[in-house]
Amino acid sequence: QVQLVESGGGLVQAGGSLRLSCAASGRTFNNYAMGWFRQAPGKEREFVAAISRSGGSTSYARSVKGRLTISRDNAKNTVYLQMNSLKPEDTAVYYCAADRRTWAGTSLKRDDYDTWGQGTQVTVSS
């Protein structure tokens, strides 16, 4: 069973940058597509970005495309979310998640992910 632990959240001013990390336990990390989701107070958890198990394919929500970049290092069992040009509306708890289906693509659907981290808070001040 894979376990996910996020880190790197914090408080940043608008226009600033943060890099989130998600470390996975287990020896089969490179078999899973990975995703980042976020949840703001009073809102549904929404898709942010996803990366295929090889790292060769990525997908982004329209609201973050061009500002956030997902990547992975399979040798370190870690997925990253580089966040640049942050806006107050990016404030949320950010979760990483594993899609353990045996396929080579990426999914934007929350229900396709069956393993979740505990989340890390990102706060962007104006």
Side-chain angles (χ1 to χ4, degrees):
Q1 182 80 348
V2 64
Q3 291 185 321
L4 305 174
V5 179
E6 302 97 333
S7 61
L11 173 64
V12 64
Q13 289 188 330
S17 298
L18 283 174
R19 188 175 82 155
L20 306 183
S21 299
C22 173
S25 64
R27 294 177 290 178
T28 55
F29 175 75
N30 59 353
N31 288 343
Y32 311 145
M34 298 294 296
W36 285 97
F37 289 74
R38 67 187 182 187
Q39 188 167 17
K43 295 189 176 181
E44 293 286 320
R45 191 171 299 189
E46 66 175 3
F47 170 79
V48 174
I51 189 166
S52 63
R53 57 187 181 182
S54 70
S57 177
T58 56
S59 300
Y60 295 93
R62 188 174 300 179
S63 60
V64 307
K65 201 166 187 178
R67 300 187 299 116
L68 275 57
T69 302
I70 190 171
S71 62
R72 67 190 296 162
D73 185 338
N74 286 343
K76 295 183 178 180
N77 280 14
T78 302
V79 62
Y80 304 98
L81 187 67
Q82 178 65 44
M83 309 169 70
N84 298 329
S85 302
L86 283 163
K87 305 176 181 180
E89 50 264 43
D90 293 317
T91 295
V93 177
Y94 283 72
Y95 298 89
C96 72
D99 173 0
R100 298 192 293 164
R101 296 174 297 160
T102 306
W103 77 314
T106 57
S107 175
L108 282 65
K109 295 189 296 183
R110 188 175 63 186
D111 289 347
D112 286 338
Y113 294 82
D114 63 356
T115 303
W116 294 80
Q118 83 289 347
T120 185
Q121 176 71 47
V122 171
T123 303
V124 184
S125 63
S126 57

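Side-chain atoms are counted along with the backbone in the values below, which use heavy atoms only and exclude waters and symmetry mates. Model, not experiment: these values are computed from the prediction.
Taking CZ of Arg110 as the start and CD of Glu44 as the end, the distance is 5.5 Å to the nearest 0.5 Å. The distance from atom OG1 of Thr28 to atom CZ of Arg53, rounded to the nearest 0.5 Å, is 11.5 Å. Between Arg67 atom CZ and Gln82 atom CD the span is 12.0 Å, to the nearest 0.5 Å. Interatomic distance, CD of Gln121 versus OG1 of Thr91, reported as 7.0 Å (0.5 Å rounding). Put simply, NZ on Lys87 and OG on Ser126 are 14.0 Å apart, with the number rounded to the nearest 0.5 Å.
Minimum heavy-atom separation, Ser21 to Thr78: CB-CG2, 4.3 Å. Nearest heavy atoms, Ala92 versus Ala40: CB-N, 3.8 Å. Taking all atoms of both residues into account, the shortest heavy-atom contact from Thr120 to Gly9 is OG1-N, 3.2 Å.
In the hydrophobic clustering, where aliphatic and aromatic side chains (Ile, Leu, Val, Met, Phe, Trp, Tyr) are joined below 4.5 Å either directly or transitively, Val93 groups with Phe37, Phe47, Tyr95, Leu108, Tyr113, Trp116. Taking a 4.5 Å side-chain heavy-atom cut-off between Ile, Leu, Val, Met, Phe, Trp and Tyr, the cluster of Phe29 extends to Val2, Leu4, Val12, Leu18, Leu20, Tyr32, Met34, Trp36, Val48, Ile51, Tyr60, Val64, Leu68, Ile70, Val79, Leu81, Met83, Leu86, Tyr94, Val122, Val124.
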Practice task
Apply side chain to side chain contact (heavy atoms under 4.5 Å, CB included) to the pair Arg100 and Asn31, showing each step before the final yes or no.
Solution key: CA-CA 7 Å; Arg100 298 192 293 164; Asn31 288 343; over 6 Å; no

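Note on residues 21-76: pairs passing disulfide bond (SG atoms under 2.5 Å apart), not counting sequence neighbours, are Cys22-Cys96.
Asp99 and Arg101 are joined by a salt bridge, as a carboxylate oxygen and a charged side-chain nitrogen come within less than 4.0 angstrom of each other.
For Glu6 (side chain) and Gln118 (main-chain N/O), a donor-acceptor pair under 3.5 Å exists by modelled atom type.
Taking the side chain to side chain contact (heavy atoms under 4.5 Å, CB included) definition, one finds that Thr106 meets it with Ala50, Ser52, Ser57, Ser59, sequence neighbours left out. Annotation: side chain to side chain contact (heavy atoms under 4.5 Å, CB included) contacts of Asp73 (sequence neighbours excluded): Ala75, Lys76, Tyr80. Applying the side chain to side chain contact (heavy atoms under 4.5 Å, CB included) test to Asn30 and every residue at least two apart in sequence or in another chain returns Asn74.
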